[in-house]
Amino acid sequence: MQTLPPTLRRLLPDDAADFRTLRLQALQDTPWAYGSSYQDWAEAPLQRFAERLQDSYVIGAFAGPLVGVAAYDREPGGHARHRGWITAVYVRPDQRGGGTARTMLAALIAEARRDGLLQLELQVATDNDPAIRCYLALGFQPHGLCPRALMVQGRFIDERLMVLPLDA
């Protein structure tokens, strides 16, 4: 039996409870992949998750329940407003390998272009090969390394800096 691909849509503040559940799962499942920690968000009121959905462009993948999220935030500064950051990418482990992350990211890239952004940037752990392959396939190029970018459970995590020009 073939499964249907997830349905994508922008998450809005009314989706805060589902977003909270998946975000906390992401922070527990792969703590080395995020600058935020589970502890940063576990006690946060639901309103904080709703505000994140209001302030950022967060896309959700639904296969019945919410199974994946990815976000981008535009730089707020006047001279940097042409840039945006991909953040909070996560797909539930039982949904990985089917192209959900790539589909969400392609939708974010299209939205960033519609929003007038000229460049998207991201940081990814240097040992996260599946994510790096996905980003490369979408056209992101490495442009640097941030050694010791994160410290998770006493272990340093280096991050690869990647960029995607949207006006090329």
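No experiment lies behind these values; they were computed from the predicted model shown.
Looking only at distances, a side-chain donor or acceptor of R113 sits under 3.5 Å from a matching main-chain atom of L166.
Put simply, F62 and F19 are part of the same group of oily side chains (I, L, V, M, F, W, Y) that touch within less than 4.5 Å, one to the next. Under a hydrophobic-cluster definition in which Ile, Leu, Val, Met, Phe, Trp and Tyr are linked whenever side-chain heavy atoms come within less than 4.5 Å, directly or via other members, V67 and I59 are assigned to different clusters. Residues V163 and V89 fall into different hydrophobic clusters, defined by Ile, Leu, Val, Met, Phe, Trp and Tyr side chains chained together at heavy-atom separations under 4.5 Å. A single hydrophobic cluster is seen to contain both M162 and M104, as judged by linkage of ILVMFWY side chains at heavy-atom distances under 4.5 Å, directly or through other members. V69 and L105 fall into different hydrophobic clusters, where Ile, Leu, Val, Met, Phe, Trp and Tyr residues are linked whenever their side-chain heavy atoms come under 4.5 Å apart, directly or through other members.
Between the CG atom of L122 and the CD1 atom of I132 there is a distance of 9.5 Å, given to the nearest 0.5 Å. Atom CG of residue L120 and atom CD1 of residue I86 lie 4.5 Å apart, to the nearest 0.5 angstrom. With rounding to the nearest 0.5 angstrom, the CG atom of L22 is 5.0 Å from the CG atom of L66. Atom CG of L11 and atom OG of S56 lie 11.0 Å apart (nearest 0.5 Å). Taken from CG in L24 to OH in Y38, the straight-line distance is 5.5 Å, to the nearest 0.5 Å. For the atom pair CG of L164 and CG of L136, the computed distance is 11.0 Å after rounding to the nearest 0.5 Å.
By the ring pair (Phe, Tyr, Trp, His ring centres under 6.0 Å) test, Y57 pairs with Y72, sequence neighbours left out. Partners of R102 by side-chain hydrogen bond (donor to acceptor under 3.5 Å, both in side chains), not counting sequence neighbours: none found. Considering only residues two or more places apart in sequence or on other chains, N128 meets the side-chain hydrogen bond (donor to acceptor under 3.5 Å, both in side chains) condition with none of them. By the side-chain hydrogen bond (donor to acceptor under 3.5 Å, both in side chains) test, E75 pairs with W85, sequence neighbours left out. Annotation: ring pair (Phe, Tyr, Trp, His ring centres under 6.0 Å) contacts of F140 (sequence neighbours excluded): Y135. For the salt bridge (charged side-chain N to carboxylate O under 4.0 Å, His left out) test, no residue two or more places apart in sequence or in another chain qualifies with R10.
Salt bridge status for R114 with E111: present, with a side-chain N to carboxylate O gap under 4.0 Å.
A salt bridge (Lys or Arg N to Asp or Glu O under 4.0 Å) check over residues 80-99, counting only residues at least two apart or in different chains, returns the pairs D29-R96, R83-E121, R92-D94. For residues 153-165, the set of pairs meeting the salt bridge (Lys or Arg N to Asp or Glu O under 4.0 Å) definition, not counting sequence neighbours, comprises D127-R155. For the salt bridge (Lys or Arg N to Asp or Glu O under 4.0 Å) condition, the pairs that include at least one residue of residues 53-74, sequence neighbours left out, are R52-D73, R74-D115. Applying the ring pair (Phe, Tyr, Trp, His ring centres under 6.0 Å) definition to pairs two or more places apart or across chains, none involves residues 87-119.
The hydrophobic cluster around L118 extends to none of the other residues, as no ILVMFWY side-chain heavy atom falls under 4.5 Å of it. In the hydrophobic clustering, I157 connects to W32, L150, V152, either directly or through intervening members, whenever side-chain heavy atoms lie under 4.5 Å apart.
A side-chain donor-acceptor contact under 3.5 Å links D40 and S37.
Considering every non-hydrogen atom in both V58 and A71, the closest pair reads CG2-CB, 3.7 Å. Heavy atoms only, all atoms of each residue included: T100 and A61 are closest at CG2-CB, 3.6 Å. When all heavy atoms of A44 and R20 are compared, the closest pair comes out as O-NE, 4.0 Å. Shortest non-hydrogen contact noted between L161 and C146 is CD2-CB, 4.2 Å. Of all non-hydrogen atoms in A50 and P13, the two that sit nearest each other are O-CG, 3.8 Å.
In this structure, H143 places its NE2 atom where more than 12 heavy-atom neighbours from other residues, nucleotides or ligands lie under 6.0 Å away.
Using a 4.5 Å heavy-atom cutoff, the side chains of D15 and L12 are in contact. In this structure, Q141 and P165 have side chains that are not in contact, with every pair of non-hydrogen atoms separated by 4.5 Å or more.
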